[in-house]
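Just so you know, these numbers use all the heavy atoms, side chains as well, and skip hydrogens, waters and symmetry mates. In what follows, residues are counted from 1 in the order of the sequence shown.
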Amino acid sequence: MKHSSPPIANPLVVLREEFDNWAILFNPDTGDAVGINPVGVAIWKILDGQNPMEHIVEAIRNQFSQVPEQVTKEAAAFVDHLARLGYVGYEFVGKDTDDPSP
């Protein structure tokens, strides 16, 4: 799914880094956890609401070797999966509700 705003990590979610740069994301609101690989960790760390997917993909290409061509699609799918789980969100970009114009 294409979003008009950059993704932002849910501030309540805890990143627990494990061995070999793998990690666990824990959502205390739901009690759910998900394991993520080193690329997922790198993505998670820059989900600040300021970096659009293009910058996230560029960061992956700069940080890792042998990045596959489909990295854009895979990174977007990863972020969308985290969004469906409530780990990531997007700023609502829409009409100001106080604006009386149609």
Side-chain angles (χ1 to χ4, degrees):
M1 177 184 289
K2 182 123 170 121
H3 298 275
S4 59
S5 64
I8 186 168
N10 178 337
L12 299 177
V13 172
V14 177
L15 171 71
R16 178 176 171 183
E17 294 186 70
E18 299 289 330
F19 61 93
D20 294 337
N21 295 323
W22 284 69
I24 296 170
L25 293 174
F26 173 69
N27 185 339
D29 279 349
T30 63
D32 293 334
V34 63
I36 57 175
N37 66 23
V39 175
V41 173
I43 291 171
W44 178 262
K45 288 182 176 181
I46 57 176
L47 294 179
D48 60 2
Q50 302 299 311
N51 290 301
M53 283 306 300
E54 296 83 19
H55 291 165
I56 293 169
V57 169
E58 182 180 332
I60 293 169
R61 286 193 170 118
N62 291 335
Q63 189 172 347
F64 296 93
S65 61
Q66 300 179 342
V67 176
E69 288 296 318
Q70 66 270 19
V71 65
T72 301
K73 182 179 177 182
E74 290 179 6
F78 172 71
V79 172
D80 283 344
H81 177 71
L82 291 180
R84 284 190 302 279
L85 296 174
Y87 291 86
V88 172
Y90 297 89
E91 180 182 353
F92 178 71
V93 179
K95 261 186 101 144
D96 183 6
T97 56
D98 293 334
D99 182 1
S101 60

Working to the nearest 0.5 Å, report the span between CG of L85 and CG of N27.
9.0 Å
So if you build clusters from Ile, Leu, Val, Met, Phe, Trp, Tyr with side-chain heavy-atom gaps below 4.5 Å, do F26 and V13 land together?
no
Heavy-atom nearest pair, Y90 first then I8, reads N-CG2, 4.4 Å
Greater than 12 external heavy atoms within 6.0 Å of Q70's CD
yes
When rounded to the nearest 0.5 angstrom, what distance separates CD1 in I60 from CD1 in I46?
6.5 Å
Tightest non-hydrogen contact, residues P38 and D20, listed as CG-O, 3.6 Å
Same apolar cluster (I L V M F W Y, side chains within < 4.5 Å links), F78/L15:
yes
Is V41 close to N21 at the side-chain level, that is, under 4.5 Å between some pair of heavy atoms?
no
Determine yes or no for a side-chain-to-main-chain donor-acceptor pair under 3.5 angstrom, with N37 supplying the side chain and V39 the backbone.
yes
Drop me the distance from E17's CD to I36's CD1, to the nearest 0.5 angstrom.
8.5 Å
Do V79 and V71 land in one hydrophobic cluster if side-chain heavy atoms of ILVMFWY residues count as linked below 4.5 Å?
yes
The single option from L82, I56, I43 that satisfies side-chain contact (heavy atoms from CB on, under 4.5 Å) with P7 is I56
Among E54, H55, M53, which residue meets the side-chain contact (heavy atoms from CB on, under 4.5 Å) test with N51?
H55
Is F64 reachable from V57 through a run of hydrophobic residues whose side-chain heavy atoms are each under 4.5 Å from the next?
yes
So how far is it from Y87 OH to L12 CG, rounded to the nearest 0.5 Å?
12.0 Å
Is any side-chain heavy atom of V88 less than 4.5 Å from a side-chain heavy atom of L47?
yes
